[in-house]
Trainee: 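First the structure, which I've put down as structure tokens, then a few questions once you've had a look.
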Amino acid sequence: LAILVYAVGSLSLFGYVLHISPRRYHSPAFRRMWKFLLVKWRPNYWWFGQVFLIKGLLVNLTLVLFKEGALQLWWIGLTLLVYCVPLLAWLPWRHFWSNVGDACINISLLCVISCGVYFTPEIDEESEKGIDILIVLFTWLPIIPVLGSSARLSYATVTKPDRDIQDVLQSAFAVHNMVDVISCSSPYEVIRSVVNTTRGDRRQLREALVLTKVESIDSEDAVASRLVQRVHSDDPEVNHFQEHEEGT
């Protein structure tokens, strides 16, 4: 019963909250109740807290799943290794040094586990089979993201023109809408929205502003017009953008 309540129940509840948070975050009541799940992570990776909890759950299940010390160490090592891949690839923590600290902790644990295998007692044949399976997983695990990246690169190469156009237009619409919102805000409202950001967030904002300013100076209206014309005319977002530009 305790496992159902504290493990399965809490994970299911937090997973549901994270699923609906993009639609409900504008609600003050929702933010007061559940902001502790979201505030630690970067906005693009608001769901990473669930990954962090699942990693802790898998580590704590070690004693339940395995009896042999070697198997326990291999299982924990595999869990930490899988967790470190998205941690280092995405840096999901909102503060940069939180990412550094989390990575150092997990890598240190991996080093301790690697040394701890030397002190494990001899195991029977059934446990050796389990260790053989874990060794195969450790050996082939790095190949999986390589194959996935290769497949994604091949697919992106084939569909690159259309995907690039859609991505450019979506980014342009997002920047256009955000500029409209900022232009209608008072300086106090802008300051209030920036004051609670981290130093890394503010650095990324400044870099984005500089990049947008440089590219807007170098860009040509003819290029943007050709991109818009190549998009299907039945796209409501594109039509709205075109009508707004014609009205201004």
Side-chain angles (χ1 to χ4, degrees), residues 1-21 33-42 44-152:
L1 181 61
I3 293 176
L4 290 177
V5 173
Y6 291 104
V8 180
S10 61
L11 283 175
S12 301
L13 175 61
F14 293 157
Y16 172 75
V17 171
L18 293 174
H19 176 69
I20 65 174
S21 60
M33 182 175 297
W34 302 110
K35 193 175 182 179
F36 72 95
L37 287 176
L38 309 170
V39 72
K40 298 185 292 294
W41 313 101
R42 293 168 57 190
N44 291 344
Y45 305 104
W46 78 94
W47 43 265
F48 201 83
Q50 195 78 342
V51 178
F52 185 80
L53 293 177
I54 292 174
K55 186 260 293 186
L57 177 63
L58 293 176
V59 170
N60 284 281
L61 285 176
T62 304
L63 296 176
V64 179
L65 298 175
F66 305 100
K67 295 181 180 181
E68 299 291 341
L71 290 175
Q72 294 173 355
L73 293 175
W74 280 101
W75 173 257
I76 296 175
L78 180 62
T79 302
L80 296 179
L81 183 61
V82 173
Y83 174 77
C84 283
V85 172
L87 173 66
L88 297 175
W90 297 330
L91 301 178
W93 291 90
R94 191 171 185 182
H95 291 271
F96 174 76
W97 291 108
S98 298
N99 293 292
V100 175
D102 197 6
C104 290
I105 290 172
N106 286 278
I107 293 174
S108 299
L109 289 175
L110 282 172
C111 295
V112 172
I113 290 170
S114 300
C115 297
V117 176
Y118 177 78
F119 300 98
T120 56
E122 295 183 359
I123 57 177
D124 53 21
E125 294 182 358
E126 294 183 358
S127 299
E128 286 184 359
K129 294 180 180 178
I131 291 180
D132 292 339
I133 296 175
L134 290 175
I135 290 175
V136 172
L137 289 176
F138 269 106
T139 304
W140 288 92
L141 188 63
I143 300 178
I144 296 176
V146 172
L147 295 176
S149 300
S150 301
R152 182 178 179 181

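All heavy atoms count here, side chains included; hydrogens, waters and symmetry mates do not. This chain uses plain numbering: 1 for the first residue, then up along the sequence.
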Trainee: According to side-chain hydrogen bond (donor to acceptor under 3.5 Å, both in side chains), who are the partners of Trp46, at least two apart in sequence or on a separate chain?
Mentor: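 For Trp46, the residues satisfying side-chain hydrogen bond (donor to acceptor under 3.5 Å, both in side chains) (neighbours in sequence not counted) are Ser21.
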Trainee: For Leu11, enumerate each residue passing the side-chain contact (heavy atoms from CB on, under 4.5 Å) test, keeping only those at least two apart in sequence or located in another chain.
Mentor: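 Per chain and number, Leu11 pairs via side-chain contact (heavy atoms from CB on, under 4.5 Å) with Gln50, Leu53, Ile54, Leu57.
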Trainee: Please collect all salt bridge (Lys or Arg N to Asp or Glu O under 4.0 Å) contacts where either partner lies in residues 106-117, sequence neighbours excluded, each pair once.
Mentor: none
Trainee: Can you give me the closest heavy-atom contact between Leu110 and Leu81, atom names plus distance?
Mentor: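 Between these two residues, the closest heavy atoms are CD2-N, 4.2 Å.
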Trainee: Could you report the tightest heavy-atom contact between Asn60 and Gly56, atom names first, then the distance?
Mentor: ND2-O, 2.6 Å
Trainee: When you look at OH of Tyr16, are more than 12 heavy atoms from neighbouring residues, nucleotides or ligands closer to it than 6.0 Å?
Mentor: no
Trainee: Of all residues at least two apart in sequence or in a different chain, which pass the side-chain contact (heavy atoms from CB on, under 4.5 Å) check with Leu63?
Mentor: Gln72
Trainee: Got a second to check how far Ser150's OG is from Ile143's CD1, nearest 0.5 Å?
Mentor: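 It is 11.0 Å, given to the nearest 0.5 Å.
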Trainee: Determine which pairs satisfy salt bridge (Lys or Arg N to Asp or Glu O under 4.0 Å) with at least one residue from residues 74-87, sequence neighbours left out, and list them in order.
Mentor: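 Qualifying pairs, neighbours excluded: none.
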Trainee: Nearest 0.5 Å, please: how far is CG in Leu71 from CD1 in Ile76?
Mentor: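 These two atoms lie 11.0 Å from each other.
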Trainee: Does a side-chain heavy-atom distance below 4.5 Å link Trp34 with Phe14?
Mentor: yes
Trainee: Between atom CD1 of Ile105 and atom CG of Leu87, what is the distance when rounded to the nearest 0.5 Å?
Mentor: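 Nearest 0.5 Å value for the CD1-CG distance: 10.0 Å.
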Trainee: Check side-chain contact (heavy atoms from CB on, under 4.5 Å) between Leu73 and all other residues, then give those that pass, not counting sequence neighbours.
Mentor: Ile113, Val117, Thr120
Trainee: Does Leu38 reach the side chain of Leu18, with side-chain heavy atoms less than 4.5 Å apart?
Mentor: yes
Trainee: In the structure I gave you, are the side-chain heavy atoms of Phe48 and Pro86 within less than 4.5 Å of one another anywhere?
Mentor: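 They are in side-chain contact.
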Trainee: Mind jotting down which residue pairs meet the salt bridge (Lys or Arg N to Asp or Glu O under 4.0 Å) criterion with at least one end in residues 49-58? Sequence neighbours excluded, please.
Mentor: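 Of all non-adjacent pairs touching residues 49-58, none passes salt bridge (Lys or Arg N to Asp or Glu O under 4.0 Å).
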Trainee: Check side-chain contact (heavy atoms from CB on, under 4.5 Å) between Trp75 and all other residues, then give those that pass, not counting sequence neighbours.
Mentor: Leu58, Thr62, Leu65, Phe66, Thr79
Trainee: Only pairs at least two apart or in different chains count here, so list each salt bridge (Lys or Arg N to Asp or Glu O under 4.0 Å) that has a residue in residues 5-14.
Mentor: none
Trainee: Quick test of your reading: applying side chain to side chain donor-acceptor pair (under 3.5 Å), list the pairs with at least one residue in residues 93-104, sequence neighbours left out, ordered by first then second residue.
Mentor: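 Passing the test, one end in residues 93-104: Tyr83-Asp102, Trp93-Asp102, Arg94-Asp201, Asp102-Asn106.
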Trainee: Once you round to the nearest 0.5 Å, how far does OG of Ser149 lie from CD1 of Ile144?
Mentor: 11.5 Å
